[in-house]
Each structure stands twice: as C-alpha cells, then as structure tokens.
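Quick note on labels: first sequence line is chain A, next is B, and so on, each numbered from 1. Below, each value reflects all heavy atoms present in this structure, side chains not excepted, and no hydrogens, waters or symmetry copies.
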Amino acid sequence: MTELPKAYNPHDVEDRIYKVWEEKGYFRAKPDPKKKPYSIVIPPPNITGILHMGHALNNTIQDILIRFKRMQGFESEWMPGTDHAGIATQNVVEKKLYREGVKRHDLGREKFVAEVWKWREEYGNTIIRQLKKLGCSCDWERTRFTMDEGLSDAVLEVFIRLYGKGLIYKGNYIINWCPRCMTALSDEESQHKDVDGMLYYIKYPVKDPERGGEDHVVVATTRPETMLGDVAVAVNPEDGRYSHIHGKTLILPLLNRELKLVLDPVVDLKFGTGALKVTPAHDPVDFELGRKHDLEQVNVMNDDGTINSNGGEDYVGLDRFEAREAIIEDLKERGLFVKSEPHRHAVGHCYRCHTMVEPRLSPQWFVRMKPLAEPAIKAVETGDIKFYPERWTKVYLDWMYNIRDWCISRQIWWGHRIPVYYCEQCQDEAGPAAGVIVSKTKPAKCPKCGGREIEQDPDVLDTWFSSWLWPFSTLGWPRETPELKYFYPTNALVTAQEIIFFWVARMIMAGMEFMGGIPFRHVYIHGTVRDATGTKMSKSLGNIIDPLDMIKKYGTDALRFSIISITAQGQDVFLSESKFELGRNFANKLWNASRFILMNLKPGEVAADLCVVYDTAELSFADRWILSRFYSTLRSVGKCLDEYKFNEAANAIYEFFWHEFCDWYIEIVKLSIDRKTTQVILYKVLEKSLRMLHPFMPFVTEEIWQKLPREKDHEGDSIMVQPWPHIQEKMISKEIDEKMGRLIELITAIRNMRAVWNIEPQKAIDVVLNVHEAGGSKAISENIEFIKRLARITDLKIGKFPKPKNSAAAVVKDIEAYVPLEGLIDFDKEKARLAKEAAKLTNEMNAISGRLQDENFLSKAPEDVVGKQRERKSELELQIKKLRENLENIAK
RNA sequence: GGGCACUUAGCUCAGUUGGUUAGAGCGCAUGCCUCACAUGCAUGAGGUCAGAGGUUCAACUCCUCUAGUGCCCACCA
C-alpha cells in the first residue's frame with residue numbers, strides 16, 4: 001500500500017497533476033452522438049486583464065459545473081478565450097509606446113496595430129495561464145480570441161446582415177464622448193456616478209432695443225461652457241413667469257448670438273428658474289428640442305474636449321473645464337452672473353478611464369435594437385432562458401423593454417474595422433446611403449459608378465459587437481460545423497451582474513437573430529467579490545487580494561473551496577485573507593483522514609467486488625449510519641449543483657466529511673479497524689467522497705485517489721474521468737440517522753459531565769445507564785463498545801438501576817446516565833447545573849403544552865406536526881421528571 | 001426619481017415550499033501535543049432573528065410600513 005506523505009504540500013502536486021490531465025486530453029470534448037452534450041462558454045476575460053478574485057470565483061464555479069457534468073457522463077465542453085478589449089488594450093499599448101517616446105499618431109495606424117498584436121502575443125495570454133493555475137478544465141485547444149480570423153469573419157458577416165435588414169444605420173446624434181480616449185461610447189460604457197457639482201444661474205438679456213436690454217431671463221446650468229453652443233432658451237408654455245416674453249428674442253451673453261425663445265412642455269417649471277438654455281449639439285434633451293423646433297446645432301468642442309472655433313475667440317483651445325472657469329469670470333465681470341449653488345447630480349464617466357463623458361453630437365454607426373429585442377424578450381418571458389437567482393429576470397426585462405439603439409462605432413484603431421467603404425464619386429449624391437458600399441473586403445471599384453477611389457470607414461466596432469456572438473462564433477459560425485450543431489445552445493452561462501446588459505442581453509439577441517434560438521438555457525449570476533469593508537475590489541483602490549498570492553499561500557484547492565463555501569447563491573462576497581484558512585484546513589483534514597485510512601487499509605480486503613456488502617448482515621449500526629449519511633449528502637450535493645447553490649453543496653460535503661465521517665465514524669471504527677466490513681466501508685466512503693469532492697478540490701482529491709488501491713471497475717487513471725457516484729437510495733435511512741443522533745447526544749452528555757467535573761481525560765470512569773424503553777436499550781446494547789470508547793468508560797452498566805450514591809447525572813431522552821464520583825462532586829454546583837437544565841426544558845414544555853391545548857392548532861395543523869409535538873412533550877415530561885428526581889436525590 | 005438586495009451569536013455569514021430544541025466558520029472560555037490531523041481533539045458560553053403592525057392554529061420565513069446599509073438603472077438642465 002502506498003502511503004501518503006505526512007504533510008500535504010499543494011505546490012508539489014498541482015502543476016504535475018495539471019500537466020498529466022492536459023496531456024491525457026481529459027479536457028477535450030468533441031461531438032459524440034452516444035453522449036449528451038453539456039457546454040458552457042467562458043465569459044472572455046480581456047487580454048489586458050490579470051486574474052482577480054472575481055475571475056477566481058467565476059471560473060471556479062464553471063469548473064465545478066464542468067467537472068460535475070463530465071463525471072455524470074456528459075460530453076462536457078468548456079470553451080475558453082479572451083476578448084480584444086479595444087479601448088483598454090489600445091490605451092495600454094499607447095501608454096507603453098509613450099514611455100518609449102513614441103506617439104500613436106506618429107507611428108501611423110498600420111504600425112500601431114502591429115504593435116498591439118505584438119503586445120498581445122507577449123502579454124495577452126497571462127490570464128489563460130492563470131486560469132490553468134486555478135485548475136480550470138477548459139478545452140484549451142479550442143481557445144478563441146475575438147480578433148481571430150473566424151470570429152472576425154463572424155463579426156463582418158453580422159454587420160453585413162444587419163445592414164442588409166436595415167438594422168444598422170449611420171447618423172448624427174448625441175452620443176457619449178470620452179475626451180481622453182477620444183472615442184464614442186455606448187450608453188452602457190458611460191457609467192453614472194454622483195458628482196458634487198454646481199448649478200450656475202446666468203442672465204440672458206432679452207433683445208429689446210426700446211428698453212435697452214434691461215429685461216432678462218435667468219437660466220440655470222451645470223455646464224456653463226456649453227452655453228457657447230446655445231441657440232435658444234426654452235420655457236414651459238404654462239409658465240406665467242415668462243408669458244410676457246413669448247415670441248421675443250434673447251441675446252446670448254459673451255457671443256452676442258441671437259437666441260429664439262421656444263415653448264415646450266418638457267421644461268420642468270420647478271427646476272432652476274424654469275428657463276432652460278438649449279444646446280442641441282451637447283445635450284440629449286436639447287437635441288430633441290432642437291429637432292422639434294428646427295434649431296441650428298452648434299458643436300463647440302474638439303475631440304479632446306477643448307473649445308473649437310465655434311466657441312468664440314476668447315475660449316478657443318481651452319479645455320472644457322478651463323473654459324467653464326473663464327466663462328464664469330467673464331460673466332461676473334459683465335454682471336450677468338447671478339449665483340451658483342452646490343448641486344449633486346449623476347454624470348457619465350468613461351468605463352475605461354473614468355474621465356467625465358461629454359454628451360456630444362457626432363456622426364456614428366448604430367444598431368436598431370427594438371426588432372432584435374423582441375425575440376430575446378420572449379425567450380426569457382417564456383422561460384426558455386432562466387436566470388438564477390430569478391430576480392435578475394426583472395432587471396433584464398426592464399432593460400430590454402426600454403432598450404435604446406446601440407452606438408457601435410469607435411474612433412480607435414484596435415478592433416474590427418467597420419466593413420463600410422465610401423466611393424468618392426458617389427458620395428455627393430443625395431440619400432443617406434450615398435456612396436456607401438458594405439463589404440467584407442475592399443471592393444476594387446464602385447459597383448455603381450465604377451470609380452476606383454474607395455476609402456474604408458476609419459472606425460472600428462465596439463468590442464461587444466464581437467463578444468455578443470461568442471456562444472456561436474466560437475463554434476465556427478457562420479459555417480455549419482459539427483461542433484456548432486452539437487454544442488449549441490450551451491447549457492449555462494456563469495457571469496457577474498455588471499455584465500448583464502453589456503453581454504448577456506446582447507448574446508441572447510444575437511442568438512435569436514442569427515441562430516434562430518437561445519444561446520444558453522440558464523444564466524447564473526454570481527455575486528461581486530468585495531473586500532472586508534464592502535468595497536468592490538479594484539486595482540486602483542489597492543484593496544485587491546490576489547488569487548495567485550492566495551494560491552501560493554494556501555493552495556489552489558483551498559482557494560477554490562473557501563471562496564465557494566462563503567458565497568451564497570448570488571450574494572456578494574466580503575473577502576478577507578483569513579477566509580482562506582477554511583479551505584486550507586479542510587484540505588488538510590481530508591489529507592490526514594485519507595492518510596489514516598491508507599495506513600490501516602489492507603488492499604486484499606478491499607479490492608473485491610464491494611457493492612455486495614450493502615445487502616449483508618455484516619453491516620454494523622455505525623456502518624449503516626455512515627452510508628446513510630454519505631448517500632444523503634451525495635443526493636443533496638447533486639441537487640444543490642443543479643440549482644446553482646454551490647455553497648450549500650460545499651458545506652454539505654464539509655459537514656459530512658469532517659463532522660460525521662472523521663469525528664464519529666472513524667473514531668468509532670478504530671476499535672474494529674481490521675474487520676473486513678470496516679475496511680470495505682472506510683475505503684468505499686473515502687473513495688466516493690473524493691469523487692464527490694473532486695469538482696471542488698480537484699488537485700488534492702486526485703493526489704489521494706491516485707494512492708488508493710484500484711477497483712476493477714475504474715476506467716481511466718484519473719479521478720476526473722470517474723463516474724459521479726451513484727446514489728443508493730435504499731441505504732438512506734432517517735431512522736438510523738435519528739438513532740445515531742441519540743447516541744451522539746448521550747456520549748456528548750457523558751463527556752460534558754467529565755468536563756464539568758474536571759475529570760482528567762486519561763482517567764477512565766464508570767457509568768450507569770438507566771434505560772427504560774426497550775428500543776433505546778437495544779440501540780445502546782448493540783453499541784456498547786464504541787460508547788465506552790468514545791466516552792472513555794471502563795465499566796458500563798445498562799438496565800434498571802437506582803441512582804448510585806454521589807453521582808453526577810444527565811438525562812437524554814429516556815435515558816439517564818450516572819457517573820459515580822465519590823468525593824468529587826460539589827453538590828450545590830451539580831444542583832445548579834441540573835436545575836438550569838430543567839428550567840430550560842420546562843420553558844420549552846410550557847410552550848408546547850399551550851399549543852396542545854389550543855383547539856385551533858389541534859384542528860388545523862397537519863397531523864404529523866401535532867404528533868411530533870405530542871411526542872416531544874412526553875419526552876420533555878420524562879426528562880424533566882428525572883431531572884427533578886435527581887435534584888431531590890442530591891438534596892438527601 | 002425608479003428598481004433590487006441586505007439587516008440573524010463578539011465578527012463574517014447560512015437558514016430549503018411557514019411547523020420539533022434557529023446553524024456554521026472565525027473569535028472567546030476551559031481541558032487536552034490521546035499512536036491521521038495543534039491547519040487538530042473535547043466541552044462550553046453567547047441570539048426578543050433591525051423596529052412596528054398585519055395574515056395564520058403557527059412567522060426568522062408571507063404582506064404592509066419605518067429606519068439603516070449597499071448596489072443597479074435614469075436625458076430635471
């Protein structure tokens with residue numbers, strides 16, 4: 001028999017084991033008509049990312065699912081990959097080049113993109129390597145990248161199809177503009193954060209030659225610099241304060257531009273002064289007002305957020321915030337500044353660089369979302385796609401019902417370039433699509449006029465425009481591959497909440513549109529990992545607990561088990577380093593228990609066909625109990641995993657293995673360790689427990705499993721390809737569980753007396769058990785040996801005995817346990833102890849008595865509940881009676 | 001402004017469709033290096049389940065309100 005080393009050192013084994021798994025091809029999956037498919041796709045981490053705790057949680061969950069399903073006999077495909085993260089990656093490489101003294105624009109587009117590819121070759125796979133450290137059993141040979149040839153083709157295909165259906169259009173609208181990244185962003189990429197700003201009140205004079213401009217309107221704004229682009233002032237037609245100036249013209253201060261006064265009910269009478277300055281090129285509301293009232297659009301900003309020539313000589317070239325200050329100063333000088341007051345409001349920020357977003361008029365490409373949303377809404381409403389936890393359904397639907405068009409063009413270089421070409425000659429023609437050629441490759445000449453001066457649109461597509469195709473583009477779409485046919489739709493999507501709109505919703509829309517069906521059946525949304533104070537972990541805050549550090553310190557299995565067992569379904573996780581001790585200690589316990597069993601196992605005894613013993617009379621009470629507990633645990637673990645309750649599954653295993661198998665069963669069988677049946681049960685339960693635990697702690701279970709004697713029905717030479725244990729329903733017995741529960745209570749009570757009376761652990765004691773009921777008596781008399789051992793009893797008398805003199809007493813159900821303690825007992829103390837116990841029980845009994853006298857309860861409660869209460873009551877009566885007797889005895 | 005979640009032991013959190021004695025880990029106290037494990041063993045202390053009301057025979061669990069905390073969404077400039 002191979003023995004385990006005294007201590008488990010994760011680092012010795014993890015890399016070695018992982019390599020073997022990979023070499024043996026256990027991670028691979030391919031269409032197999034004889035098996036059912038189970039597939040999930042990894043939420044592609046971006047190539048600039050490194051593994052953080054959120055990834056660790058996310059991927060541990062997925063690996064548990066995949067390993068569980070693989071063991072259950074599914075053809076399990078877990079497809080990994082990364083996305084190119086257009087803006088983030090471009091920023092990273094740009095910064096790197098800048099440090100080397102090279103500017104992006106000096107380099108030129110082609111060379112810059114080549115630099116990004118170089119960077120990605122070098123650093124882009126960091127996260128993949130880290131996922132391997134985490135033990136992820138991904139099908140690495142199918143690793144995909146959103147900029148791969150196949151996936152890129154899918155992106156172009158989709159663009160062309162949507163364009164053909166009229167679902168993609170170009171237009172000049174207000175979009176979110178990041179002046180630092182110098183690109184448009186989608187609504188989702190602009191994250192609202194509350195900002196303490198100011199609300200500025202400014203006088204706009206009324207043009208009135210006769211009265212010399214004394215009359216004025218005060219407007220309120222949070223962004224005074226945008227006044228440079230003002231073309232009107234709007235008031236509510238109902239607003240009596242302004243009825244006298246209806247139809248008049250106003251003068252824009254500083255620039256002396258004439259402003260129309262427009263009347264519109266969207267203006268809120270209660271906000272500010274009820275007068276709204278209208279800047280159609282810099283605000284979505286004003287944009288709509290401008291369209292409605294046919295106003296000019298004056299764009300006053302450059303791409304970098306500085307004021308352009310439309311903003312007047314005094315301000316041109318100033319940054320938007322510098323311009324704000326300058327304008328306020330100038331207004332004050334002219335007596336047009338009324339006041340400013342603190343104003344807290346939500347402002348969009350770039351999700352990549354956190355710069356304040358500038359709403360701005362800009363020609364961009366959009367996807368018309370309403371038609372795509374309809375089938376995606378239905379897929380969730382009908383339950384074809386289910387969210388876990390269920391509450392996310394509402395969040396998803398609310399967003400989908402109110403979906404807005406998606407701005408997909410980005411003014412950066414790294415990404416899929418928009419497959420749109422413009423013919424120089426045709427562009428002058430009228431119509432929105434004039435001169436536009438949509439094509440996967442650059443056409444040699446214009447199909448319309450034959451012109452050869454053709455330029456491609458300089459913009460690239462939003463990264464999510466490739467990610468939303470992930471569930472099928474990774475399987476080969478638009479080609480009809482066998483993989484696509486077999487593995488689509490996938491079974492589950494595991495992801496974090498912050499990505500529901502970015503990714504989950506859009507994948508559903510893409511799946512419905514291009515595959516004609518859902519991309520996944522279940523969406524499991526896990527919680528966000530936060531630090532101990534509840535703040536989201538992020539690099540910039542420096543509150544990161546690095547999973548790789550934790551792996552170094554505690555081991556991968558410890559990391560995995562810890563994070564899973566403290567994460568309740570969908571709840572956020574508050575993490576501190578000490579939490580990882582939980583998993584480390586459990587791995588250690590598992591190791592030592594296994595070591596103990598292996599030390600005592602005789603291979604000859606356990607190599608035989610083992611299932612047979614379940615039916616024999618050879619099984620002891622304890623054997624039956626541990627089997628009952630094991631299968632009951634196995635059953636609930638399977639159920640929990642199917643319901644995405646990973647922590648409950650992990651905790652069920654923890655409780656079973658540590659507190660039932662180790663604390664009780666192993667301790668019990670130390671007496672009969674050489675007995676053949678004991679050997680078989682120890683081996684069986686350990687081996688099956690390892691399999692049950694393998695999805696959670698893949699490395700340590702493999703290492704131990706490799707050292708076990710082999711059964712002939714083991715196929716393959718790794719635990720990860722063993723079948724998930726079969727549940728033996730007939731071995732699960734509530735009755736045995738309950739009986740054992742009594743014995744445990746009894747033994748605990750005796751140990752308690754030992755502790756209370758300070759009896760040295762080594763010192764053996766005599767115990768007298770007064771047993772009244774035949775049933776109870778049997779359970780005890782059959783198990784005398786282990787009761788004696790576990791309570792350290794020398795002489796155990798069972799039967800109807802009077803209370804021995806000078807003895808401590810405990811009452812468990814219908815059993816009294818007496819420990820003769822000649823000379824040791826402080827009678828008053830023992831009396832107090834018993835009295836306290838009796839009082840506690842009396843309290844409970846009074847409550848039950850009350851209930852049992854209540855006619856409503858008796859008539860309306862189900863029978864079994866009433867029955868149980870009656871049972872409990874008589875139990876309590878007996879116990880209390882005995883405790884009282886003992887109290888009296890002590891008095892004597 | 002709308003929505004969601006959370007409030008249970010000193011700390012961090014579980015608690016299955018309402019139904020026996022509300023659990024765990026850590027921490028704490030006491031005693032143990034008992035020949036698998038001190039990353040351990042044994043025993044114990046500690047809870048009006050945020051507050052108020054309601055439904056019910058029965059509420060930690062369902063409903064309403066209040067307070068606090070956190071998150072998401074949102075074009076009141």
Novice: Mind checking A:Lys193 for me? I need base, sugar-phosphate or nothing, with any heavy atom below 4.0 Å counting as a touch.
Specialist: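 Counting heavy atoms under 4.0 Å across all strands, no contact is made by A:Lys193.
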Novice: Using a 4.0 Å heavy-atom cut-off, does A:Glu667 contact any base of the nucleic acid, only the sugar-phosphate backbone, or nothing at all?
Specialist: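 Contact class for A:Glu667: base.
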Novice: Begin with the C-alpha distance, continue with both residues' side-chain angles, and end with the deciding distance and a verdict on side-chain contact (heavy atoms from CB on, under 4.5 Å) for A:Arg344 and A:Val195.
Specialist: CA-CA 6 Å; A:Arg344 195 171 171 77; A:Val195 167; over 6 Å; no
Novice: Could you pick out which residue, A:Asn856 or A:Asn651, lies toward the 5' side of RNA chain B when each is mapped onto its nearest nucleotide?
Specialist: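 Residue closer to the 5' terminus by nearest nucleotide: A:Asn651.
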Novice: Within the structure shown, what part of the strands sits under 4.0 Å from A:Ala568 by heavy-atom distance: base, sugar-phosphate, or nothing?
Specialist: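 Sugar-phosphate, no base atom in range.
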Novice: Restricting to nitrogen or oxygen on both sides, can you table the protein-nucleotides 75-77 of chain B pairs closer than 3.5 Å?
Specialist:
{"from": "B:C75", "atom 1": "OP1", "to": "A:Arg404", "atom 2": "NH1", "distance (Å)": "2.2"}
{"from": "B:C75", "atom 1": "OP1", "to": "A:Arg404", "atom 2": "NH2", "distance (Å)": "3.4"}
{"from": "B:C76", "atom 1": "O2", "to": "A:Asp268", "atom 2": "OD2", "distance (Å)": "2.3"}
{"from": "B:C76", "atom 1": "N3", "to": "A:Asp268", "atom 2": "OD2", "distance (Å)": "3.3"}
{"from": "B:A77", "atom 1": "OP2", "to": "A:His343", "atom 2": "NE2", "distance (Å)": "3.3"}
{"from": "B:A77", "atom 1": "N6", "to": "A:Asp268", "atom 2": "O", "distance (Å)": "2.9"}
{"from": "B:A77", "atom 1": "N6", "to": "A:Phe271", "atom 2": "O", "distance (Å)": "3.4"}
{"from": "B:A77", "atom 1": "N1", "to": "A:Asp268", "atom 2": "N", "distance (Å)": "3.3"}

Novice: In whole angstrom, give the distance that lies between atom CG of A:Leu582 and atom C1' of B:C26.
Specialist: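 After rounding, the gap between these two atoms is 9 Å.
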Novice: Applying a 4.0 Å non-hydrogen cut-off, can you work out what A:Glu655 is touching in the nucleic acid: base, sugar-phosphate, or nothing?
Specialist: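 Nothing: the residue A:Glu655, judged by heavy atoms under 4.0 Å, touches no strand.
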Novice: Is A:Lys6 near enough to B:C37 that one of its side-chain N or O atoms lies under 4.0 angstrom from OP1 or OP2?
Specialist: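 It does, given that an N or O in the side chain of A:Lys6 lies less than 4.0 Å from OP1 or OP2 of B:C37.
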Novice: What is the distance, to the nearest angstrom, from the OH atom on A:Tyr654 to the C1' atom on B:C13?
Specialist: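 To the nearest whole Å, that distance equals 14 Å.
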Novice: In terms of side-chain heavy atoms, does A:Glu341 have a donor or acceptor partner in A:Tyr201 at a distance below 3.5 Å?
Specialist: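 A:Tyr201 and A:Glu341 do have a side-chain donor-acceptor pair below 3.5 Å.
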Novice: At under 4.0 Å between heavy atoms, which parts of nucleotides 2-9 of chain B does protein reach? Answer with one letter per nucleotide, 5' to 3': B base, S sugar-phosphate only, - none.
Specialist: -SSSS---
Novice: Would you indicate what A:Pro359 reaches in the nucleic acid, counting non-hydrogen atoms under 4.0 angstrom: base, sugar-phosphate, or nothing?
Specialist: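 Nothing, no heavy atom under 4.0 Å.
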Novice: Tell me the interatomic distance from A:Lys553, atom NZ, to B:U39, atom P, rounded to whole angstroms.
Specialist: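 My rounded result for the distance is 15 Å.
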Novice: Counting any heavy atom closer than 4.0 Å, what does A:Arg872 reach on the DNA or RNA strands: base, sugar-phosphate only, or nothing?
Specialist: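 Base contact.
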Novice: Under the criterion side chain to side chain donor-acceptor pair (under 3.5 Å), I'd like the reasoning laid out for A:Asn402 against A:Asp398: C-alpha separation, chi angles, the key distance, then a yes or no.
Specialist: CA-CA 6 Å; A:Asn402 301 305; A:Asp398 282 349; 5.7 Å; no
Novice: Separation of A:Phe596 atom CZ from B:U34 atom P, in whole Å?
Specialist: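 One finds 15 Å between P of B:U34 and CZ of A:Phe596, rounded.
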Novice: Would you indicate what A:Phe287 reaches in the nucleic acid, counting non-hydrogen atoms under 4.0 angstrom: base, sugar-phosphate, or nothing?
Specialist: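 Nothing: the residue A:Phe287, judged by heavy atoms under 4.0 Å, touches no strand.
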Novice: Show every salt bridge (charged side-chain N to carboxylate O under 4.0 Å, His left out) that has at least one partner inside residues 564-583 of chain A, sequence neighbours left out.
Specialist: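 As it turns out, the salt bridge (charged side-chain N to carboxylate O under 4.0 Å, His left out) pairs with a partner in residues 564-583 of chain A, which skip direct neighbours, are A:Arg530-A:Asp572, A:Lys553-A:Glu577.
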Novice: Contact class for A:Leu841 (heavy atom, under 4.0 Å): base, sugar-phosphate, or nothing?
Specialist: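 Nothing: the residue A:Leu841, judged by heavy atoms under 4.0 Å, touches no strand.
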Novice: Verify whether one side chain among A:Lys277 and A:Thr279 offers a donor that lies under 3.5 Å from an acceptor in the other.
Specialist: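 Short answer, yes.
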Novice: Less than 4.0 angstrom between a side-chain N/O of A:Lys860 and OP1 or OP2 of B:C57, yes or no?
Specialist: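 True: A:Lys860 side-chain N/O within range (under 4.0 Å) of B:C57 OP1/OP2.
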Novice: Nearest whole angstrom, please: distance from the P of B:A36 to the CG of A:Asn600.
Specialist: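 Result: 7 Å.
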Novice: Produce a footprint string for nucleotides 40-49 of chain B: one letter per nucleotide, 5' end first; B if the base is under 4.0 Å from any protein heavy atom, S if only the sugar-phosphate is, - if neither.
Specialist: SSSSS-----
Novice: Where does RNA chain B pair, written as one dot-bracket string 5' to 3', with Watson-Crick or G-U pairs under 3.5 Å, ( ) inside the strand, [ ] for crossing pairs and | for another strand?
Specialist: (((((((..((((.....[...)))).(((((.......))))).....(((((..]....))))))))))))....
Novice: Is it the case that the side chains of A:Ser594 and A:Lys707 hold a donor-acceptor pair, with the cut-off being a distance below 3.5 Å and no angle test?
Specialist: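 No, no side-chain donor-acceptor pair sits under 3.5 Å.
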Novice: Under 3.5 Å, side-chain donor or acceptor atoms of residues 657-668 of chain A against the rest of the protein: list the pairs with distances, not counting sequence neighbours.
Specialist:
{"from": "A:His659", "atom 1": "ND1", "to": "A:Asp663", "atom 2": "OD2", "distance (Å)": "2.8"}
{"from": "A:Glu660", "atom 1": "OE1", "to": "A:Arg629", "atom 2": "NE", "distance (Å)": "3.3"}
{"from": "A:Glu660", "atom 1": "OE2", "to": "A:Arg629", "atom 2": "NE", "distance (Å)": "3.1"}
{"from": "A:Tyr665", "atom 1": "OH", "to": "A:Asp623", "atom 2": "OD1", "distance (Å)": "2.5"}
{"from": "A:Glu667", "atom 1": "OE2", "to": "A:Lys670", "atom 2": "NZ", "distance (Å)": "3.1"}

